[in-house]
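Heads up, the thing below is written out as structure tokens.
All ligand and atom numbering here is 1-based and tracks the order in the structure.
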Amino acid sequence: MSDLRFASTRGSAPTVTLSEAIRQGLAPDGGLYIPTRLPTIEPAALSGTLTLPEVACATLSGFFAGDPLKQMLGQIAEAALDLPAPTTAVAKASDPLFALELFHGPTAAFKDFGARFLAESLQFLEQRSAQPLTILVATSGDTGGAVAAAFHRRAWVRVVILYPKGLVSARQEQQLTCWGDNVRSLRIDGTFDDCQRLAKEALLDPVLRAKHRFSSANSINIGRLLPQMVYYAASSLDVERRAGARTSYIVPAGNLGNAFAAVWARALGFPIDRIILAHNINRTVPDFLRTGVWQPRPSIATLASAMDVGNPSNMERIRALYPTLDAIREQLSADSVNDATIRARIGEDFMHYGREWCPHTAAAAEVYSRLAPEQRRDRPWVLVATAHPAKFNEVIEPITGKAVEVPASLDRLLRLPRHFVDLPPTLRAVAAAIE
Ligand SMILES: *Cc1c(COP(=O)(O)O)cnc(C)c1O
């Protein structure tokens with residue numbers, strides 16, 4: 001297989017190898033890296049029952065073609081994707097309905113897959129560097145914890161987390177602050193948009209750049225998107241075997257990293273039918289698909305806080321792959337769900353199915369309930385369950401009247417002491433804290 005290069009979505013940066021794209025995160029022209037062509041998969045390598053690392057090797061080897069990391073792909077996948085990602089039937093549903101459970105990792109949200117794969121990849125690229133890497137990560141709740149868990153106690157890296165004070169759940173905050181060692185948690189008196197702005201300003205600040213080697217672990221990094229394709233590959237093959245048909249996914253969406261991975265998996269040829277994005281009231285994408293006008297706006301705080309994104313960065317990748325509005329509309333549809341409806345859906349599905357959804361997954365479940373009955377009948381649908389309900393117990397328990405059971409790995413983190421510093425939303429304060 002011939003070598004694969006990666007180009008910026010904005011087209012004015014040189015193409016790079018996969019290793020370089022992973023190391024850089026953002027391209028120098030401000031664009032996002034995408035492969036110059038879509039590689040092919042090896043169908044023969046995908047028959048029978050496979051583990052997630054085995055699916056990863058068959059699905060991703062084309063993306064690694066010609067890269068020094070290619071020989072390490074097996075080891076990276078073994079170490080990073082040693083997590084269950086079952087597609088479970090929603091037993092009491094009258095139509096074929098499933099949930100792709102992406103919350104069995106150490107921080108109980110799908111971000112664990114990307115963060116762990118990125119950490120294992122960077123380990124091979126960075127472990128012999130003289131100066132440690134500083135990873136800056138702005139988080140609306142789940143990314144920061146997953147990145148901290150994945151990079152904790154690795155000698156070649158420091159992690160600096162910026163999160164908005166009062167805008168993450170108590171258990172999310174615990175996961176952002178329970179690390180210490182090479183992880184520093186900055187609680188910013190501002191919104192997620194402030195945190196993202198500060199991280200960008202720091203990454204571009206000449207004085208700071210002279211002192212630190214920076215990288216970013218936000219979902220602009222292609223090293224996080226690749227492993228996310230793997231669970232769609234495995235899940236779609238699994239459902240095809242069980243239900244005898246191509247399956248459709250409803251994906252809770254914010255920055256569109258998870259959704260883009262589904263789109264890529266389908267483009268590679270995996271048996272995926274429709275992909276529907278479930279947004280909260282941050283409606284930039286649903287409005288774009290309806291009107292054709294791309295109008296980013298400030299984010300609005302909701303119960304599904306990890307989707308509070310007003311300017312989803314991965315749209316740039318979708319538009320690079322499908323340049324016209326019609327093409328995008330063929331690939332994707334999108335809907336929006338408000339907080340009251342998220343609450344109502346959590347209650348309804350707990351009553352009918354006995355399933356507890358986190359607020360993000362509940363948005364997907366609501367979008368499913370809005371499908372016409374003939375769309376639901378006989379055709380398999382999968383709700384992508386992006387976080388464990390125990391992370392959002394303050395929302396769910398008053399609705400269901402029942403304590404959410406806490407997984408053991410999460411329980412361990414909830415007992416650790418917290419370390420954080422409170423900061424105003426200024427670059428000067430962040431710069432001092434990074435020192
Ligand atoms: C990050 C996150 C999302 C949104 O995913 P994107 O890739 O940003 O679209 C949805 N649900 C949960 C629980 C998340 O942590």
Side-chain angles (χ1 to χ4, degrees), residues 32 85 99-115 118 137-150 163 167-169 171-173 175-176 192 195-196 217-229 231-232 249-265 275-280 282-286 299 302-318 332 334-337 342 346 356-367 383-393 395-396 410:
L32 278 55
L100 170 53
E101 298 180 8
L102 299 178
F103 49 67
H104 297 290
T107 67
F110 82 88
K111 304 296 198 305
D112 283 322
F113 290 90
L118 181 64
V137 53
T139 184
S140 57
D142 290 323
T143 294
V147 168
Y163 72 94
L167 296 176
V168 301
S169 82
R171 285 181 176 171
Q172 282 178 317
E173 180 161 25
Q175 291 185 324
L176 295 170
F192 170 64
C195 296
Q196 207 160 27
N218 285 94
S219 67
I220 49 172
N221 195 309
I222 195 157
R224 279 185 49 186
L225 293 187
L226 296 175
Q228 292 173 185
M229 261 191 295
Y231 48 70
Y232 287 108
Y249 288 88
I250 305 180
V251 188
N255 230 347
L256 299 177
N258 200 5
F260 185 70
V263 169
W264 250 0
I275 298 170
I276 304 183
L277 312 178
H279 290 266
N280 57 28
N282 291 276
R283 307 185 37 103
T284 305
V285 176
S299 58
T302 76
L303 289 177
S305 54
M307 314 197 304
D308 294 348
V309 183
N311 186 9
S313 44
N314 281 296
M315 195 65 195
E316 216 168 302
R317 284 193 166 106
I318 292 173
L332 291 172
D335 202 351
S336 152
V337 182
I342 286 175
I346 290 172
E356 294 166 308
W357 306 131
C358 86
H360 314 78
T361 311
E366 171 63 20
V367 170
L383 309 177
V384 179
T386 47
H388 195 284
K391 280 184 105 158
F392 300 91
N393 61 315
V395 175
I396 295 163
L410 181 58

All salt bridge (Lys or Arg N to Asp or Glu O under 4.0 Å) counterparts of R283, not counting sequence neighbours: D287
Note every protein N or O atom lying under 3.5 Å from an N or O atom of ligand 1, pairing the names and giving the distance.
residue, atom, partner, partner atom, Å
ligand 1, 7 (O), G257, N, 3.0
ligand 1, 7 (O), N258, N, 2.9
ligand 1, 8 (O), N255, N, 2.8
ligand 1, 9 (O), G254, N, 2.7
ligand 1, 9 (O), N255, N, 3.2
ligand 1, 9 (O), L256, N, 2.8
ligand 1, 11 (N), T386, OG1, 2.9
ligand 1, 15 (O), K111, NZ, 2.6
ligand 1, 15 (O), D142, OD2, 2.6

Any donor-acceptor pair under 3.5 Å from H279 side chain to V285 backbone: no
Residue list, side-chain hydrogen bond (donor to acceptor under 3.5 Å, both in side chains) with N393, at least two apart or on another chain: none
Short side-chain to backbone donor-acceptor contact, N255 and G257, under 3.5 Å: no
All side-chain hydrogen bond (donor to acceptor under 3.5 Å, both in side chains) counterparts of W264, not counting sequence neighbours: none
Reference residue D142; test side chain to side chain donor-acceptor pair (under 3.5 Å); the match among Q175, K391, K111: K391
